[in-house]
Amino acid sequence: MTLIKTFGIMTRYFNLLLLFLLISCSSNKSKLAKENYFNRNYFYNASLKVGIDFDKNIQFREGPFAKEKELKKLLKSNKLSSKDLFLVADSKENGTEIYFFYKNIKALNGNLTNSKIIVNDTVNNILFFEKQRGTRKILGLVKTNKTNHNSSIFVTDLLNKITLDSLNTSKMSFPAIFINNFPSVHPNPLYASKKISTAPLKSEGENDDKFQLLSTVNSFISNNKLYDSLIVGYEKLRKEEFKSLIDDLSKKDEVSKGNTVFMKIAEIAKQNQIIMLNEDHYYPKHRLFAMELLETLKANGYNYLSLEGFNISKNKELTPNYRNGLYTDEPYFAHFIRKAISLGFTVSGHENFDKGIEREIGQAKNIINILEKDYSAKIFVYVGHSHIEKKNESKKWMAEYFKELSGINPITFNQTVICADTKEDLILVPRKYLTDTTKIKSSADYFLVNNLKPTLKIIYPNAIFKKTIIKDAKFSDYKSKEVLVEIVDFKEFDLIKNLAIPIHSYLAIPKNKKISFELPIGKYHIFVKTDDNKTIFDDDIIIN
């Protein structure tokens with residue numbers, strides 16, 4: 001898979017943030033809203049099989065029902081309550097609020113569809129309408145703040161856009177579901193995973209949007225069977241392809257294994273100004289290797305780290321934080337950034353956000369900007385997939401532009417191509433051993449087999465770990481169901497609150513209203529979240 005596809009998701013992530021109106025989630029939403037899905041101005045509820053194609057400038061909400069008391073008489077006369085509410089839609093342009101309710105009734109007319117306005121209160125600017133098909137009825141309440149707004153025409157048009165038992169697949173997409181359920185600050189990847197998994201859409205095939213988004217959100221969570229199953233399938237063919245080749249190459253003298261990989265890269269770093277390493281965006285282990293490499297590079301004069309898709313926060317909060325980007329929200333990517341900062345690296349991003357410049361050229365120029373300010377700078381460039389390519393028949397990538405524009409030949413390392421089960425965690429293969437194989441499509445100078453296993457004990461090698469338990473009565477409702485445990489360093493949480501990225505996120509099943517884990521001695525803030533987006537634990541703990 002090429003980065004054209006993979007990073008397309010990330011590009012769409014930033015674009016969708018600008019284009020989509022995000023849900024304003026509430027813990028008070030009704031059970032009917034659990035399977036609500038949104039894409040721009042299109043809404044669909046998978047369990048109710050109700051679709052609504054709104055006009056522009058609509059903002060969706062799932063509750064609470066703020067005007068329940070004000071409209072109590074009207075609701076009571078129609079036997080409705082907040083339990084029947086599944087959607088609230090606001091149109092700021094028209095000063096309009098729309099409340100949608102669902103009811104099952106006795107069918108009087110088979111499967112025929114009927115629509116009508118029940119109440120048109122011009123004094124209080126309220127319209128009440130219904131659309132029925134068989135035993136299923138949607139009731140809508142429109143409240144407008146503008147006396148000159150022609151609500152009856154608005155409602156008549158809206159009734160035509162409500163469908164029962166019909167999903168408009170051209171209006172719904174996996175990226176839209178992702179962006180609406182994975183906010184840029186303090187997301188719940190377990191909830192996003194469930195929404196993507198259960199979306200009322202068909203997969204397009206191997207490595208489609210659904211796979212990519214599921215792999216991305218689940219890579220944020222350790223102890224995760226779904227992630228493991230996704231990755232097994234993703235790696236299967238490549239492992240079969242490369243097994244015998246890597247077994248043979250492991251015997252070569254110039255092929256480095258284990259800790260000698262760092263020794264080899266130290267020799268390379270000493271003699272070169274730019275090193276580029278790529279990653280597969282689904283792999284925490286790739287970030288772990290990049291983190292482990294930092295000390296080697298620092299010892300050989302490297303003082304800048306340039307990251308793809310990385311935003312420096314305007315308010316200069318402590319980094320890493322949720323405003324830095326998407327992939328940097330993953331705990332091991334955050335550890336990578338933390339270590340770079342602690343070693344004295346200047347951390348910046350080279351992503352091109354200028355729509356007037358081709359992306360690859362813009363990225364290359366942003367890295368060159370570092371050299372223009374500090375001509376002796378030694379830069380560690382970290383990217384996704386194909387951006388390290390210095391020669392490619394179908395496309396010119398960032399590394400090739402950088403080489404042309406700067407006159408500097410970057411040494412490139414590819415850890416995304418070769419998958420193989422090996423005794424050693426790391427194997428580094430020079431390109432010269434791979435020039436005759438058709439299995440390698442990359443022009444990288446070196447290829448890394450990375451079988452590192454991310455754990456907190458690698459992150460904190462000198463720390464004393466102790467077991468601890470958190471207990472809460474709310475855990476009893478999840479004694480047979482996985483919940484997401486997020487562990488945040490207290491110093492970071494105290495400083496930037498919900499912008500702080502967890503040092504560890506993993507799945508657990510509470511036992512006897514308890515969740516146990518092992519952490520280094522210290523103070524932390526713990527969140528426990530559910531797959532229906534509830535936070536059932538939110539408190540500090542001290543381990544001593």
Side-chain angles (χ1 to χ4, degrees), residues 1-10 174 189 193 196-197 203-250 255-258 261 277-292 327 330-333 336 382-389 412-429 431 433-434 437-444 446-455 458 506-507:
M1 182 174 59
T2 67
L3 186 60
I4 295 174
K5 183 71 173 170
T6 315
F7 195 85
I9 296 298
M10 186 173 181
F174 285 110
S193 176
I196 296 165
S197 296
S203 293
E204 297 170 1
E206 187 179 358
N207 297 342
D208 66 353
D209 284 351
K210 181 177 183 179
F211 169 82
Q212 292 181 48
L213 292 166
L214 272 178
S215 298
T216 297
V217 297
N218 281 283
S219 72
F220 289 45
I221 309 171
S222 300
N223 191 31
N224 186 340
K225 291 180 181 178
L226 176 55
Y227 174 77
D228 292 343
S229 66
L230 290 166
I231 294 303
V232 165
Y234 181 53
E235 292 181 341
K236 184 179 178 182
L237 290 178
R238 281 180 294 161
K239 282 190 172 182
E240 291 172 359
E241 278 186 313
F242 288 114
K243 185 181 186 307
S244 59
L245 176 64
I246 295 304
D247 285 345
D248 291 340
L249 290 177
S250 296
V255 172
S256 306
K257 298 181 282 292
V261 168
L277 171 68
N278 73 349
E279 72 158 23
D280 190 317
H281 296 308
Y282 315 145
Y283 285 106
K285 67 182 181 181
H286 286 178
R287 288 92 189 241
L288 182 59
F289 172 73
M291 187 197 82
E292 294 279 85
Y327 297 119
E330 189 273 311
Y332 284 88
F333 208 135
F336 172 33
Y382 192 68
V383 305
H385 289 272
S386 301
H387 294 289
I388 63 165
E389 299 302 329
T412 54
F413 294 79
N414 192 322
Q415 61 175 335
T416 68
V417 170
I418 302 178
C419 288
D421 293 320
T422 57
K423 293 179 181 178
E424 300 83 3
D425 288 338
L426 299 169
I427 296 178
L428 185 66
V429 183
R431 177 170 184 76
Y433 290 121
L434 299 167
T437 177
T438 58
K439 297 174 184 177
I440 301 295
K441 305 298 183 184
S442 171
S443 63
Y446 293 88
F447 293 85
L448 183 76
V449 182
N450 181 344
N451 286 319
L452 292 172
K453 296 175 179 60
T455 70
I458 296 176
Y506 72 101
L507 296 178

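Worth saying up front: this structure is predicted, and the values here are computed from it rather than measured.
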| request: Report the C-alpha separation of Leu428 and Val255 in whole Å, then their side-chain angles, then the decisive distance to 0.1 Å, and conclude whether the side chain to side chain contact (heavy atoms under 4.5 Å, CB included) test is met. | output: CA-CA 6 Å; Leu428 185 66; Val255 172; over 6 Å; no
Are the side chains of [X] and [Y] in touch, meaning some heavy atoms are under 4.5 Å apart?
{"X": "Asn224", "Y": "Tyr506", "value": "no"}
{"X": "Ile458", "Y": "Glu292", "value": "yes"}
{"X": "Ser222", "Y": "Thr455", "value": "no"}
{"X": "Pro189", "Y": "Asn218", "value": "no"}
{"X": "Ile196", "Y": "Phe174", "value": "yes"}
{"X": "Ile440", "Y": "Ile418", "value": "yes"}
{"X": "Asn451", "Y": "Leu426", "value": "no"}
{"X": "Leu214", "Y": "Leu230", "value": "yes"}

Interatomic spacing from [atom1] in [X] to [atom2] in [Y] - rounded to 0.5 Å:
{"X": "Ser203", "Y": "Asp209", "atom1": "OG", "atom2": "CG", "value": "9.5 Å"}
{"X": "Lys423", "Y": "Ser250", "atom1": "NZ", "atom2": "OG", "value": "9.5 Å"}
{"X": "Ile427", "Y": "Asp247", "atom1": "CD1", "atom2": "CG", "value": "8.5 Å"}
{"X": "Ser215", "Y": "His281", "atom1": "OG", "atom2": "NE2", "value": "12.5 Å"}
{"X": "Gln415", "Y": "Cys419", "atom1": "CD", "atom2": "SG", "value": "10.5 Å"}
{"X": "Phe289", "Y": "Met291", "atom1": "CZ", "atom2": "CE", "value": "11.5 Å"}

[X] versus [Y], closest heavy-atom pair with distance:
{"X": "Ser219", "Y": "Pro284", "value": "O-CG, 3.4 Å"}
{"X": "Glu279", "Y": "Arg287", "value": "OE1-NE, 2.5 Å"}
{"X": "Glu235", "Y": "Tyr283", "value": "OE2-OH, 2.7 Å"}
{"X": "Thr412", "Y": "Ala444", "value": "OG1-CA, 3.3 Å"}
{"X": "Phe242", "Y": "Val417", "value": "CE1-O, 3.5 Å"}
{"X": "Leu226", "Y": "Ser193", "value": "CD2-OG, 3.6 Å"}

| query | Do Asp425 side-chain atoms and Leu452 backbone N/O form a donor-acceptor pair below 3.5 Å? | reply |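 The answer is no, because no donor-acceptor pair under 3.5 Å joins these two groups.
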| request: Return the set of residues passing ring pair (Phe, Tyr, Trp, His ring centres under 6.0 Å) with Tyr227 (not counting sequence neighbours), or none when no residue passes. | output: none
| query | In terms of side-chain geometry, is the basic nitrogen of Lys239 or Asp421 positioned less than 4.0 Å from the acidic oxygen of its partner? | reply |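 Counted as a salt bridge, because a side-chain N and a carboxylate O are separated by less than 4.0 Å.
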| query | Yes or no on side-chain hydrogen bond (donor to acceptor under 3.5 Å, both in side chains) for Ser443 and Glu389, after CA distance, side-chain angles and deciding distance? | reply | CA-CA 6 Å; Ser443 63; Glu389 299 302 329; 2.7 Å; yes
| Worked check of side chain to side chain contact (heavy atoms under 4.5 Å, CB included) between Asn278 and His387 | CA-CA 8 Å; Asn278 73 349; His387 294 289; over 6 Å; no
| Parallel, tilted or perpendicular: ring planes of Phe211 versus Tyr234, cut at 30 and 60 degrees |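 Phe211 vs Tyr234 ring planes: tilted.
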[X] ring center near [Y] ring center (under 6.0 Å):
{"X": "Tyr382", "Y": "Phe333", "result": "yes"}
{"X": "Phe220", "Y": "Tyr282", "result": "no"}
{"X": "Phe447", "Y": "Tyr433", "result": "no"}

| request: Check Val449, Leu448, Asn450 against Val261 for a side chain to side chain contact (heavy atoms under 4.5 Å, CB included) and give me the one that passes. | output: Leu448
